[in-house]
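In what follows, a single structure is set out as structure tokens and then discussed.
On a predicted model such as this, the values are computed, not experimentally measured, just so you know. When a ligand or atom number is given, it counts from 1 through the structure's own listing order.
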Amino acid sequence: MDHPLAKSRLSTMRDARTENAAFRAALQELTLMLIYEATRDAEVAEAPIHTPVARTTGYRLANPPLLVPVLRAGLGMADQAHRLIPEAQMGFVGLARDEETLQPTPYLESLPKDLSGLPVLVLDPMLATGGSMLHTIRLLVERGATDVTAICTLAAPEGVQHLADSGLPLRVVTASIDERLNESGFIVPGLGDAGDREYGAV
Ligand SMILES: O=P(O)(O)OC[C@H]1O[C@H](OP(=O)(O)OP(=O)(O)O)[C@H](O)[C@@H]1O
Ligand SMILES: O=c1cc[nH]c(=O)[nH]1
Ligand SMILES: [Mg+2]
């Protein structure tokens, strides 16, 4: 997504001087824009409605998606996404990346059993090596999902390539593909550890 307002919110998030509360606020506003972009081609159902003046056609999402925030950092996107799509169901995945191996360690999985026919929007601000997103998407595909969109505020080229190489059915909506990963697996220039910047260091 390329939009001046998205760039402005992402810059607030990147700025090391931005405190937790302002970081969460900017993430919420950017989430609104990313969800708006991700649902641009969503199927709509029509039904006749009456305005105070005339009869016209009303629209709603034909097949509301499942929202899946990846804890912790994705939790900061969940309420905003739900506000935009209140009829959506929500599932949860909890992962913490091992600082040495960079592999995701799963600690929570709360998803509907059957996802066939259901579009899924995965919410995680960061796509770095792509390991956490791939783990999450595999859980979804195992349950029959065939239409998965990863919503990330920013991504590393290495992570995008990792997802592309997986051959899994997915697309990525992001406000930026940054330069690279550094030797510690952090996105450069990035914004640091998204979970810590939302909620404090663990
Ligand atoms: O693409 P990857 O290399 O897998 O890295 C991305 C993951 O790292 C962050 O979570 P983290 O493990 O820091 O957990 P947190 O949200 O609890 O801080 C981020 O929110 C992603 O889930
Ligand atoms: O730069 C990064 C990489 C992984 N996870 C984060 O929160 N930030
Ligand atoms: Mg983190």
Interfacing atoms of ligand 1 (cut-off 4.0 Å, heavy-atom, [X]):
| X | answer |
| --- | --- |
| Met126 | 6 (C), 19 (C), 21 (C) |
| Gly130 | 1 (O), 2 (P), 3 (O) |
| Leu95 | 14 (O) |

(Q) Taking distance alone, with N or O pairs closer than 3.5 Å, would you say Val70 contacts ligand 1? (A) no
Which atoms of ligand 2 are found less than 4.0 Å from any heavy atom of [X]?
| X | result |
| --- | --- |
| Arg97 | 3 (C), 4 (C) |
| Ala194 | 6 (C), 7 (O) |
| Ala128 | 3 (C), 4 (C) |
| Gly185 | 3 (C) |
| Ile187 | 1 (O), 2 (C) |

Q) Considering only heavy atoms, does Asp193 approach ligand 1 within less than 4.0 Å through its side chain, its backbone, both, or neither? A)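 Near ligand 1, Asp193 shows its side chain, while the N, CA, C and O stay back.
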Q) With backbone taken as N, CA, C and O and side chain as the heavy atoms from C-beta onward, which portion of Ala96 lies under 4.0 Å from ligand 1: side chain, backbone, both, or neither? A) backbone
Counting heavy atoms not belonging to [X], are there more than 12 under 6.0 Å from its [atom1]?
| X | atom1 | answer |
| --- | --- | --- |
| Glu99 | CD | no |
| Gln89 | CD | no |
| Ile177 | CD1 | no |

Q. Would you call Gly192 a ligand 2 contact, heavy-atom distance under 4.0 Å?
A. yes
Q | Atom pair CE/CD1 of Met1 and Ile35 - distance to nearest 0.5 Å | A |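 Spacing of CE (Met1) from CD1 (Ile35) equals 10.5 Å.
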(Q) Using 0.5 Å steps for rounding, measure from the CG atom of Leu127 to the OG atom of Ser176. (A) 11.5 Å
Q.
Would Asp79 and Gln28 count as a side chain to side chain contact (heavy atoms under 4.5 Å, CB included) here? Give the steps.
A. CA-CA 8 Å; Asp79 278 355; Gln28 284 171 15; 5.9 Å; no
Q: Report yes or no: is the cationic atom of Arg97 (NZ for Lys, CZ for Arg) closer than 6.0 Å to the six-membered ring centre of Phe186, at no more than 45° off its axis?
A: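 That pair qualifies as a cation-pi contact.
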Are [X] and [Y] connected in the hydrophobic side-chain network, where two residues link if heavy atoms are under 4.5 Å apart?
| X | Y | value |
| --- | --- | --- |
| Leu66 | Ile137 | yes |
| Leu27 | Val202 | no |
| Ile85 | Leu111 | no |
| Leu95 | Val141 | yes |

Q.
Does the protein come close to atom 9 (C) of ligand 1 - that is, does one of its heavy atoms sit below 4.0 Å from that atom?
A. no
Which protein non-hydrogen atom lies closest to [atom], naming both residue and atom, and how far is it?
| atom | result |
| --- | --- |
| atom 16 (O) of ligand 1 | Ala73 N, 2.9 Å |
| atom 12 (O) of ligand 1 | Arg97 N, 2.6 Å |
| atom 2 (P) of ligand 1 | Thr129 OG1, 3.4 Å |
| atom 4 (O) of ligand 1 | Ser132 OG, 2.6 Å |
| atom 20 (O) of ligand 1 | Asp124 OD1, 2.8 Å |
| atom 17 (O) of ligand 1 | Arg72 NE, 2.9 Å |

Q) With a cut-off of 2.8 Å, does any N, O or S atom of Asp193 fall short of it relative to the Mg ion (ligand 3)? A)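 Yes.
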Q: Show your working on salt bridge (charged side-chain N to carboxylate O under 4.0 Å, His left out) between Asp41 and Arg171 and close with a plain yes or no.
A: CA-CA 13 Å; Asp41 298 321; Arg171 71 196 175 115; 5.5 Å; no
